[in-house]
Protein chains: 2
Amino acid sequence: MGWEQDIGEADRMWRTYIEMAKHLGSHLQQHLQRECDLSAADFEVLVRLTESERREMPVAEVAVATQWEKSRLSHQLTRMAQRGLVERVDSDDRRYPDVRLTDKGYAAIDKAVPEHTELVHALFIDVLGPERLAGFAQACADVLRALDEHRERDCSL
Amino acid sequence: MGWEQDIGEADRMWRTYIEMAKHLGSHLQQHLQRECDLSAADFEVLVRLTESERREMPVAEVAVATQWEKSRLSHQLTRMAQRGLVERVDSDDRRYPDVRLTDKGYAAIDKAVPEHTELVHALFIDVLGPERLAGFAQACADVLRALDEHRERDCSL
DNA sequence: GTGGCCGGGTTGATACATCAACCTGAACAC
DNA sequence: GTGTTCAGGTTGATGTATCAACCCGGCCAC
């Protein structure tokens, strides 16, 4: 065979990235869970909802913002509604109900965002400094573009 | 010089990274699932097992390699055993059983690794090129170090 | 109007992650 | 031997992710 033994420099760097992504992600997630009793999914939904003036928006809009599948979002909203973080609201067209941030949900995200942001700065932004951060972000953007092109090619086959 | 970078800009760069990590991860995972019928977790376990000469190792060793909790690993091995990818083997000390790659498991990982590697090159390594890749990996290593220090501080409190 | 279409939402089944509780058998003390 | 300890493994409960199947209400054709 041979692929097992032949791990090149580039592959080691790939593994470094994977390690970093895994650890950074789980660290942030654990912080949110411990300090604010919010999962990463909760956090994301709540953030999207605060981006609306009225703390309320159509479910479909949340779906677009998070890029989640409709069923995942539906399950998530059910759980969050059970915990009192959001509530479902019937709108004029009964096919497309809205979701609204409750006071409890607002309190939760209001506490979580500053802490989360602080952690992101301490662990990522300030570690890299502005120059390297810009280079890093550019690299991420390039990878994203490559991903889009790859997906396009896949679909057109 | 420019250390007082606009907060909003750093924030956008952080979001770019998050987007990239999310999309790249899910793309690789979907590929594995579709083409090879393996989850990311399956893939990781199988790769670790191939790193052993005899396609067999103590469960604890897999736990160390993957850095998973013992219960997560146990559940995972149960599911993989049910699907015939691995099998549990009693060793001399019956407290610490081994896991062995089955022929089916070997065939699966033998197909998956080259395809996965190729994708990683096309979407990440070749996109960045050697120079930027090295810078990127260095940045990841620095973030990892910051994470470790942060964890230490947390524990020593 | 009535019936079919269709986009968006919900539900159920299955796989996976995480936590807590429990089991198990070797090792050690006595 | 008997009992205790303890590292390592398993199990169950709960929360989460994904897929497929279904539902539902407005819309359009006729």
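What you are looking at is a predicted structure, and each value in this text was computed from that prediction instead of being measured. Every chain is numbered from 1 and lettered A, B, ... according to where its sequence line falls, protein lines coming before strand lines.
- The CZ atom of A/Arg72 sits 13 Å away from the C1' atom of D/dG15 (whole-angstrom rounding).
- For B/Arg83, the side-chain atoms get nearest to C/dC16 when compared with the rest of C/dA17, C/dC16, D/dT10.
- In this pair, B/His116 and B/Phe43 present their aromatic rings tilted. The plane angle is within the 30 to 60° band.
- A donor N or O paired with an acceptor N or O is not found under 3.5 Å between the base of C/dC16 and the side-chain atoms of B/Ser39.
- The aromatic rings of A/Phe136 and B/Phe136 lie parallel to each other, their planes meeting at an angle below 30°, with 60° marking the opposite boundary.
- Between A/Arg95 and D/dC24, a side-chain N or O to OP1/OP2 separation shorter than 4.0 Å is absent.
- Of the candidate nucleotides C/dC16, D/dT11, D/dA17, D/dT11 has the atom nearest to the side chain of B/Ser74.
- Heavy-atom distances to DNA chain C give each of A/Glu61 and A/Gln30 a nearest nucleotide, and the one nearer the 5′ end belongs to A/Glu61.
- For A/Arg94, taking side-chain heavy atoms from C-beta onward, the closest of the listed nucleotides D/dA17, C/dC16, D/dG26 is D/dG26.
- Rounded to an integer number of Å, the gap from CG of A/Leu73 to P of C/dG9 is 8 Å.
- Here C/dG9 is the nucleotide among D/dG9, C/dT11, C/dG9 with the atom lying nearest to any side-chain atom of A/Pro97.
- Atom-to-atom, CD of A/Glu69 to P of C/dT11 comes out at 17 Å; the value is rounded to the nearest Å.
- If you check C/dG9, D/dA20, C/dA15 against the side chain of A/Ser71, the one that comes closest is D/dA20.
- Taking every side-chain heavy atom of B/Ala60 into account, D/dG9 is the closest of D/dG26, C/dG8, D/dG9.
- Around CD of A/Glu118, the count of heavy atoms belonging to other residues, nucleotides or ligands within 6.0 Å does not exceed 12.
- Side chains of B/Arg79 and B/Gln76: a donor-acceptor N/O pair is present below 3.5 angstrom, by distance only.
- Distance A/Leu77 CG to C/dG9 P: 10 Å, rounded to the nearest Å.
- Protein atom CG of A/Asp90 is 12 Å distant from nucleotide atom P of C/dG9, rounded to whole Å.
- For the pair B/Thr16/A/Gln138, no side-chain contact is recorded, criterion being any heavy-atom separation below 4.5 Å from C-beta on.
- Residue B/Gln76 contributes atom CD, which lies 18 Å from atom P of C/dT14 at whole-angstrom precision.
- Nucleotide D/dA17 holds its C1' atom 14 Å from the CG atom of A/Asp42, rounded to whole Å.
- Nucleic acid contact for B/Thr78: none, since no nucleic acid atom lies under 4.0 Å from a heavy atom of the residue.
- Atom NZ in B/Lys70 sits roughly 12 Å away from atom P in C/dA20 (whole-Å rounding).
- The aromatic ring of B/His75 is not stacked on the base of D/dT10, since the criterion of ring centres less than 5.5 Å apart with planes inclined by under 30° is not met.
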